J.: 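Provided herewith is a single structure, encoded as structure tokens, for subsequent inquiry.
Each chain gets a letter, A, B and so on, in the order its sequence line appears, and its residues count up from 1. Keep in mind that this is a model prediction, so the values were computed, not measured.
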Number of protein chains: 2
Amino acid sequence: MTAQQFGAPAGTRPGRRRPTIKDVAAVAGVSRGTVSRVLNGGTNVSPSAMDAVNRAIERTGYVLNRNARSLVTQRAWSVAFVLAEPQERFFEDPNFSTLLRGCTAELGKHDIPLLLATAGTQEERGRVVRFLGSGHVDGVLLVSTHAGNPLLEELSRGDLPVVACGRPMGHERRVAYVAADDREGARDVVRYLRERGRRRVATITGPLDTPGGVQRLEGYRDVVGSDGPDLVAHGDYTQRSGEEAMRQLLERAPDLDAVFVASDLMALGALTALRRAGRRVPEDVAVAGFDDAPIAVGAEPPLTTVRQPMERISAELVRLLMARIAGEEPSAVILPTELVVRRSA
Amino acid sequence: MTAQQFGAPAGTRPGRRRPTIKDVAAVAGVSRGTVSRVLNGGTNVSPSAMDAVNRAIERTGYVLNRNARSLVTQRAWSVAFVLAEPQERFFEDPNFSTLLRGCTAELGKHDIPLLLATAGTQEERGRVVRFLGSGHVDGVLLVSTHAGNPLLEELSRGDLPVVACGRPMGHERRVAYVAADDREGARDVVRYLRERGRRRVATITGPLDTPGGVQRLEGYRDVVGSDGPDLVAHGDYTQRSGEEAMRQLLERAPDLDAVFVASDLMALGALTALRRAGRRVPEDVAVAGFDDAPIAVGAEPPLTTVRQPMERISAELVRLLMARIAGEEPSAVILPTELVVRRSA
DNA sequence: CTGAAAGCGCTTACAG
DNA sequence: CTGAAAGCGCTTACAG
């Protein structure tokens, strides 16, 4: 019996038919059932059968057809990474790539492929919902910063396991999530600024419909109190918004001597505004960011910032998702941040 | 006959069994074959049958099971986006996210999911090769800048359609690719610098085992000639390397009055070095980058640069891959760049 | 511990 | 234009 006997499947070179479980069984001298058992952990197979099958797999170059497996197990053995941002902003954000890389690597260890999907536009969202609903993935890693994202609503209603990156505002009870301890991180850095003798500490927040926007502001207020509303300006996490917010702050409170910015990217913008205004950093104004993005090191001067443990966040996201898929209830993981002192403050 | 009669598949709520082609057929009053035909374009089905099926699909909420389809068609209906970089560098690179976003969106239009895989470490590469070899994707979009990447070798040997982003050095004949016209782009910007009266134009190249490293240097030489080797320094596309290269250039050629840097990220580093050296940009030294990355706008001063048409690159990558999957021969697409003038030069 | 057999949800010649 | 039927490559009770 040669491979030629079988028709070559479309798209494959003739004579190169991929071996199936049947071929392995024939070579090993066992039944297909037995082969399948060793493929699935080897419970209830004798050492000798196990051995024969493994050798046969080796010899035939067999590789499992996941479609066939998925068809019967009703599991996709893959997960989706969904970026539910209305803007293209997130792709500019260094946190995004870090997270994506971390999750890809982490899932790779479990031999689970990551399907990337973006749901920026209305149209994309429809496609994504349809896709996710059609059983192609066992679960989804959801990145969506803004509160009230319709995708989060739709997903949390279905029975597809979801774990969110960052607190899913308004859905904390129903969807699992992992987040850095934004509030505590903000507290740390603002406390640090005060300890270094800064008296007029301003802040540039993220959007107030995002957890990072809200919580980092709360942390700031925990230390500074809520007096001096002139010391608070808002950005949208873009570099440009940081620059503009800093300009406003300097106008409203020319005597400020420090600023805590809710992201490194915005802090970069703030540095530009300060430079334009002729303020020296850190001599005149100390600047601290949040994230410890790669750009923090390259900034001039290098940024003092709050490090989010992105590797651990990725790992926990994947761990939680696997747990959800296995049937566990939603849970939350809050990870500690770390103050990283460089030259800017 | 209620849904309850069937056992609920694992992981699904009881009573929520997903409708299959059989249910649709029953509701429409046709055979499963007919349903399948309308699902696959509707050739050879009467208008009335077509109608009945479509209504039945609507009514039952039917959604196709791709695993079942793939099992018989031997096609995965998905493609992989493989990042074959030894370093984590590429995730820092703004081009990467832009490309990834573009391809995701473009594939989305064809309703084809993108599987993201990284092959940075030896271990990951093994996993990726195994994965790609197991028929889970119909083709791969390969991003690998360095020549002699073992993954490119392995993939171009197999019969899986591959299209590379950027010239696959040493494999131009065997693998399809799309790239920006690096050489022409470099020529344009260097010519521009000369026209603006700059006489001592230096360059900072990318690694010389990458197409961007080689070709942008060639473009520079096309205009400047190959004299003055003291005006050429090499970087590795990181910001830090750009800073260091600029430092070296200033030491070797203190009289330089312009520098063409092979990437915006490195140009950022060059700006830092120039600032430290007390040179004004563009008054003392004009600086031009390459890419027109998002950071180019935020730089101080904003960067004059060469724009790579990333949207078109993504679209062409996907188009070429689809063509390859459909059986067409490998081909190459070279896309024109565009000079973007800002304040730095 | 093992094999024979049913079945996962589709597609596609084949006959009509 | 349509239906009956085989088959894609696996897993998993069921009997032994």
J.: Between P on D/dC1 and CG on B/N40, what's the gap in Å once rounded to a whole number?
T.: 16 Å
J.: Write down the distance between CD1 (A/I21) and C1' (C/dA6), rounded to a whole number of angstrom.
T.: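 So the CD1-C1' distance, A/I21 to C/dA6, works out to 15 Å.
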J.: Across the strands shown, which category fits B/N67 at heavy-atom distances under 4.0 angstrom: base, sugar-phosphate, nothing?
T.: nothing
J.: Starting the side chain at C-beta, find the nucleotide from C/dC10, D/dT2, D/dG9 nearest to B/L64.
T.: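 It is C/dC10.
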J.: Measuring from the side chain of A/N44 (C-beta onward, heavy atoms only), which nucleotide among D/dG9, C/dC1, D/dG7 has the closest atom?
T.: C/dC1
J.: For B/M50 and for B/L71, find the nucleotide of DNA chain D with the closest heavy atom, then tell me which residue's nucleotide is more 5'.
T.: B/M50
J.: Does B/S46 put a side-chain nitrogen or oxygen below 4.0 Å from OP1 or OP2 of D/dT2?
T.: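 For D/dT2, OP1/OP2 do have a side-chain N/O of B/S46 under 4.0 Å.
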J.: What protein N or O atoms touch nucleotides 13-15 of chain D N or O atoms at under 3.5 angstrom, if any, and at what distances?
T.:
residue : atom : partner : partner atom : Å
D/dA13  : N6   : A/R37   : NH2          : 3.3

J.: Might you point out which heavy atoms bring B/Y62 and B/I21 nearest each other, and give the distance in Å?
T.: CE1-N, 3.5 Å
J.: Verify the neighbour count for atom CD of A/E123: are there more than 12 heavy atoms of other residues, nucleotides or ligands below 6.0 Å?
T.: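 Count not over threshold, so no.
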J.: Could you check whether B/N65 gets within reach of a base, just the sugar-phosphate, or nothing at all, counting any heavy atom under 4.0 Å?
T.: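 Sugar-phosphate contact only - B/N65 comes under 4.0 Å of backbone atoms but never of a base.
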J.: Is any side-chain N or O of A/Q74 closer than 4.0 Å to OP1 or OP2 of C/dG9?
T.: yes
J.: Classify B/S36 by what it touches in the nucleic acid, base, sugar-phosphate, or nothing, heavy-atom distance under 4.0 Å.
T.: base
J.: A quick test of your reading: do over 12 heavy atoms of other residues, nucleotides or ligands sit less than 6.0 Å from CD of A/E172?
T.: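 Enclosed: over 12 neighbouring heavy atoms sit under 6.0 Å from CD of A/E172.
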J.: Could you say whether A/S48 or A/R32 is positioned toward the 5' end of DNA chain C, judged by the nucleotide with the nearest heavy atom to each?
T.: A/S48
J.: At their closest point, which heavy atom of B/L320 faces which heavy atom of B/A176, and how far apart are they?
T.: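 That would be CD2-CB, 4.2 Å.
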J.: Restricting to non-hydrogen atoms, name the atom on A/R324 and the atom on A/V162 that form the minimum distance, rounded to 0.1 Å.
T.: NE-O, 4.3 Å
J.: Quick one, B/V333 and B/R319 - any side-chain contact, counting heavy atoms below 4.5 Å?
T.: yes
J.: Does the pair B/R18 and B/V63 meet the rule for a side-chain contact (heavy atoms from CB on, under 4.5 Å), with working shown?
T.: CA-CA 8 Å; B/R18 284 177 43 188; B/V63 14; 3.9 Å; yes
J.: Here's a test of your reading of the structure: between B/T34 and B/A68, which maps to the more 5' nucleotide of DNA chain D?
T.: B/T34
J.: Once you round it to whole Å, what is the distance between P of C/dC10 and CZ of B/R75?
T.: 18 Å
J.: Measure the distance from CG on A/L39 to P on D/dT12 and round it to the nearest whole Å.
T.: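 Going from CG in A/L39 over to P in D/dT12 covers 11 Å.
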J.: Output the rounded distance in Å from CD1 (B/I57) to P (C/dG9).
T.: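 In whole Å, C/dG9 P lies 16 Å from B/I57 CD1.
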J.: For the pair made of NZ in A/K22 and P in C/dG3, what is the distance, rounded to whole Å?
T.: 16 Å
J.: Using whole Å, report how far CZ of A/R18 lies from P of D/dG9.
T.: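 From A/R18 CZ to D/dG9 P: 9 Å.
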J.: Using a 4.0 Å heavy-atom cut-off across all strands, classify B/V63 as base, sugar-phosphate, or nothing.
T.: sugar-phosphate
J.: When the C1' atoms of D/dT12 and D/dG16 are compared, how many Å lie between them, rounded to an integer?
T.: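 These two C1' atoms come out 16 Å apart once rounded.
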J.: Could you check whether any side-chain heavy atom of A/H171 comes within less than 4.5 Å of a side-chain heavy atom of A/P330, counting everything from C-beta outward?
T.: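 No. Closest side-chain heavy atoms not under 4.5 Å.
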J.: Is there a Watson-Crick or G-U wobble partner for D/dA15 with both distances under 3.5 Å, and which nucleotide is it?
T.: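 Because both required distances fall under 3.5 Å, D/dA15 counts as paired with C/dT2.
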J.: Figure out the CZ/P separation between B/R69 and D/dG9, and round it to whole Å.
T.: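 Between P of D/dG9 and CZ of B/R69: 18 Å.
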